[in-house]
Amino acid sequence: MAITRPKGTNDLLPPGSPKLSPVTSAAAHIWLTETARRVLERAGAQRIDTPVFEEAELVKRGVGDSTDIVRKEMFTVYYFGDHGGFILRPEGTAAIVRAYLQNGLKQLPTPLKLWTSGPIFRAENVQKGRYRQFHQVDYEVLGSADPLVDAEAIALMVDVVRELGLKEVRVKLGSIGDPADREAYNAYLRELFTAHLDRLSDDSKDRLTRNPMRILDSKSEGDQDLIAELSVKPMLDFLGDEARAHFEAVQGYLKDWGVPYDLDPSIVRGLDYYRRTAWELHHEGVGAKSALGGGGRYDGLAEILGGQATPGIGWAFGVERLLLALEAEGVELPQTEGPLLYVVALDEANVPHAAKIAIDARAVARTEFAYRAMKPGSAFKDAERRGVRWIALLGSQEIENGTLSLKNLQSGEQRVIGVSELAAFLEAEKQTSNFSHNPQPTPHNPTPQESP
RNA sequence: GUGGGUUUAGCUCAGUUGGUUAGAGCGCCGCUCUGUGGCAGCGGAGGCCGGGGGUUCAAGUCCCCUAAUCCACCCCA
C-alpha cells in the first residue's frame with residue numbers, strides 16, 4: 001500500500017467494512033455524539049463550535065506552560081497561508097472561553113451552558129484508547145461559581161453515560177482547592193518527600209518539582225510503600241474554608257439527586273487552570289488508563305486569557321474511550337438501517353423507469369435502485385446484502401400493467417400494487433416499527449441469520 | 001522520549017531443521033439459476049511474504065537497519 005494515514009489517526013468507516021470496530025465506525029461516532037447532544041440540550045446547553053486550530057499562545061497561557069500538553073503534546077502548524085504560530089487544539093476549554101470573551105457571550109442569560117464535539121490533537125505515542133487525533137464531547141458552563149452548577153455538570157456527565165447504556169462507570173470526585181490551598185499542599189508534599197528523596201522512583205523525583213500531587217498515584221511499588229509509611233495527608237485536609245464549603249455543597253446536591261460517586265483525594269488535574277471541584281469518570285476496559293473523561297472548575301481561566309473574570313466549569317469525554325467502554329461491556333450499538341425500498345429493473349430498457357420510480361419515492365422514504373438490469377435471482381441476493389426491506393421488481397409485465405411486484409425480504413410477503421399507490425404504501429410501511437437490519441455483519445463475528 | 005510484541009491474499013491466519021510454480025477459511029466475482037434471496041455444489045480473480053541491506057548454491061524462513069501497527073511506561077481523553 002503506497003500511502004497510509006498518519007500515525008495515531010483513524011478512518012471512520014461505513015457499515016460492513018472489514019476493519020470496522022466501535023472506534024472506527026462512523027455510525028457509532030454519530031450515534032454517540034447525537035446521544036450526548038440529546039442529553040445536553042434537554043438540560044439547556046447550546047451548541048458552540050470553535051476552529052480546530054488556534055493561536056499557540058491561547059493554549060500556552062490557558063493550559064499552562066508546565067503541562068505535558070504544552071511541553072510535548074502540541075502539534076504546531078508552523079506555516080499556514082500567510083501566518084504561522086498556530087496549533088491544532090489539544091483540548092476544548094480554552095478555545096470556548098476565548099470564544100465566549102471574544103464574541104461578547106456574557107450578554108446571554110447567565111449562566112451560559114455550552115457544548116461542542118469534534119477532533120482534538122495531541123502529539124503522543126499511540127496505545128489502546130489513545131490517539132493523536134481523537135474526538136471529545138465537551139460541556140462548559142460559564143458565568144457561575146455556584147456549587148449547584150458543579151453538581152449539575154457531574155450529574156449530566158453521568159446522564160450521558162447512562163443514556164449510552166454504560167453501567168460499570170465510577171465517578172471519582174475530589175477538590176484541588178483554591179490556588180493558595182494547592183500551593184500549601186504542594187509545599188507540604190515537597191517538604192515531606194524531599195526528606196526521602198533517595199527512596200522515590202526516578203519518575204517521582206521529576207514529579208516532585210513539576211507536580212508533586214502526581215506522586216500520590218504513582219505506579220511504583222516503592223513510591224506507594226513510602227506514601228503508606230509517611231501516612232501522607234490528602235489534599236482535602238488543606239482546603240480553605242470557602243473551598244471546603246463549596247465542595248461539601250457539591251456533594252450534598254449529588255447525594256440529594258442520587259448520583260453515586262467515590263471521594264478520591266488523589267484526583268489531580270493535568271491542566272493548570274483548574275481549581276476546586278475536579279472529577280473523573282472511570283471504566284475498566286479502555287486500556288491502561290481507565291479515564292473516560294474528566295472535568296473541573298476553572299474560575300481563573302478567563303482572566304489568564306486576558307478577559308474579564310468569569311467563573312467556569314466543564315468536562316470532556318473521549319469519544320473513542322466511551323466506544324471502547326461500550327464494547328467492553330458488550331453494549332450493542334444501534335445498527336444501520338438499509339433502504340425501505342429497492343427498485344430493480346429486469347431489462348436494461350426498464351432501468352430508467354426504475355430510477356424514476358425510486359427517485360420519486362424518496363419524497364416519502366429511503367429508496368435505492370439498481371443501475372443495471374438484473375435477473376431476479378441476482379436482484380434478491382443484491383437486495384439482501386444491502387439490507388433492503390422491500391424489493392420492487394420491474395419487468396415487462398409490470399410496465400404493461402402499471403404495477404410493481406413487491407416482496408418483503410424479511411417476511412417473504414409478496415404483493416402487487418399500482419405505481420400510483422407506492423407513496424401511500426411506503427408511508428404506511430414507514431410507521432411499522434423496530435425495523436433493524438445489519439446489512440453486512442462483520443465477517444469474524446457473524447450474526448446468525450434468522451429464518452422467516 | 002522509553003520498552004516489548006507483531007507484519008504472508010480484501011479479512012483472520014498457517015507455512016517444518018533455509019530447498020521446486022506460496023496455502024487455508026471467510027469475503028469477492030462467475031456458473032448451476034431467462035421472474036423469486038439467504039443454503040449447497042462447481043469454477044475464477046486476487047500475493048514485490050511491510051521496505052532496504054546482508055549471509056548463503058538457495059531466504060517468507062537466518063542477521064542488521066528502517067517503517068507501520070499493537071501493547072505498556074511517562075502523561076492524558
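Sequence lines set the chain letters: A, B, ... in the order given, protein chains first and strands last, and positions in each chain run from 1.
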Rounded to whole Å, how long is the line connecting atom CZ of A:Arg130 with atom C1' of B:rG1?
12 Å
What do you reckon, do A:Phe134 and the base of B:rA77 stack, with centroid distance below 5.5 Å and planes below 30°?
yes
Using a heavy-atom cut-off of under 4.0 Å over every strand shown, decide if A:Leu292 touches base, sugar-phosphate, or nothing.
sugar-phosphate
Taking the P atom of each, how far is B:rC62 from B:rG19, in whole Å?
11 Å
Tell me which one of A:Glu41, A:Glu152, A:Glu140 satisfies salt bridge (Lys or Arg N to Asp or Glu O under 4.0 Å) with A:Lys113.
A:Glu152
hbond_proxy A:Lys375 side chain to B:rU34 base (donor-acceptor, 3.5 Å cutoff)
no
OP1 or OP2 of B:rU36 versus the side-chain N and O atoms of A:Gln414: is any pair under 4.0 Å?
no
Minimum-distance nucleotide to A:Glu384 side chain [options: B:rG38, B:rG10, B:rA77]
B:rG38
With rounding to whole Å, what would you report as the distance between B:rU32 and B:rG38 at their P atoms?
14 Å
Looking only at side-chain atoms of A:Lys19, point me to the closest of B:rC73, B:rC11, B:rG38.
B:rC11
Please measure how far the P atom in B:rG52 lies from the corresponding atom in B:rA59, and state the result in whole Å.
14 Å
4.5 Å side-chain heavy-atom contact, A:Arg389 and A:Leu341:
no
Is the A:Tyr188 ring parallel, tilted or perpendicular to the A:Phe238 ring (thresholds 30°, 60°)?
tilted
Can you tell me how far P in B:rG53 sits from the matching atom in B:rA72, rounded to whole Å?
35 Å
Which listed nucleotide (B:rU69, B:rA77, B:rG37) is nearest to the side chain of A:Lys7?
B:rU69
Hunt down the Watson-Crick or G-U wobble partner of B:rA14, both distances under 3.5 Å, from any strand shown, or write none.
none
C1'-based separation of B:rU8 from B:rU55 [nearest Å]
22 Å
Reckon A:Gln127 has a side-chain N or O less than 4.0 Å from the OP1 or OP2 of B:rA72?
yes
Is there a side-chain contact between A:Arg385 and the phosphate of B:rC28, meaning an N or O under 4.0 Å from OP1 or OP2?
yes
P atoms of B:rG18 and B:rG30, separation to the nearest Å:
45 Å
Report which part of the nucleic acid A:Ser378 touches: base, sugar-phosphate, or nothing (heavy-atom distance under 4.0 Å, all strands).
nothing
Examine A:Arg37 relative to A:Trp115 and say whether NZ or CZ is less than 6.0 Å from the centre of the six-membered ring and inside a 45° cone about the ring axis.
no
As a test of reading the structure: which of B:rG10, B:rC70, B:rU36 is closest to the side chain of A:Val126, going by heavy atoms?
B:rC70
A:Arg386 CZ to B:rC28 P, straight-line distance once rounded to whole Å:
12 Å
Is there a donor N/O on one and an acceptor N/O on the other, under 3.5 Å, for the side chain of A:Glu124 and the base of B:rG1?
no
Verify whether one side chain among A:Glu168 and A:His283 offers a donor that lies under 3.5 Å from an acceptor in the other.
no
Result for 5'-nearest mapping on RNA chain B, choosing between A:Glu280 and A:Phe380, is A:Phe380
Proximal nucleotide (of B:rC75, B:rG38, B:rU36) relative to the A:Lys381 side chain
B:rG38
Here the distance between atom P of B:rA68 and atom CG of A:Asn125, to the nearest Å, is 10 Å
If we take the C1' atom in both B:rG25 and B:rA9, what is their distance in whole Å?
12 Å
Taking pairing as Watson-Crick or G-U wobble with both contacts under 3.5 Å, can you name the mate of B:rC73, or confirm there isn't one?
B:rG1
Looking only at atom C1', what distance separates B:rA22 and B:rU61, rounded to whole Å?
12 Å
The side chain to side chain donor-acceptor pair (under 3.5 Å) partners of A:Asp299 (sequence neighbours excluded) come to A:Arg297
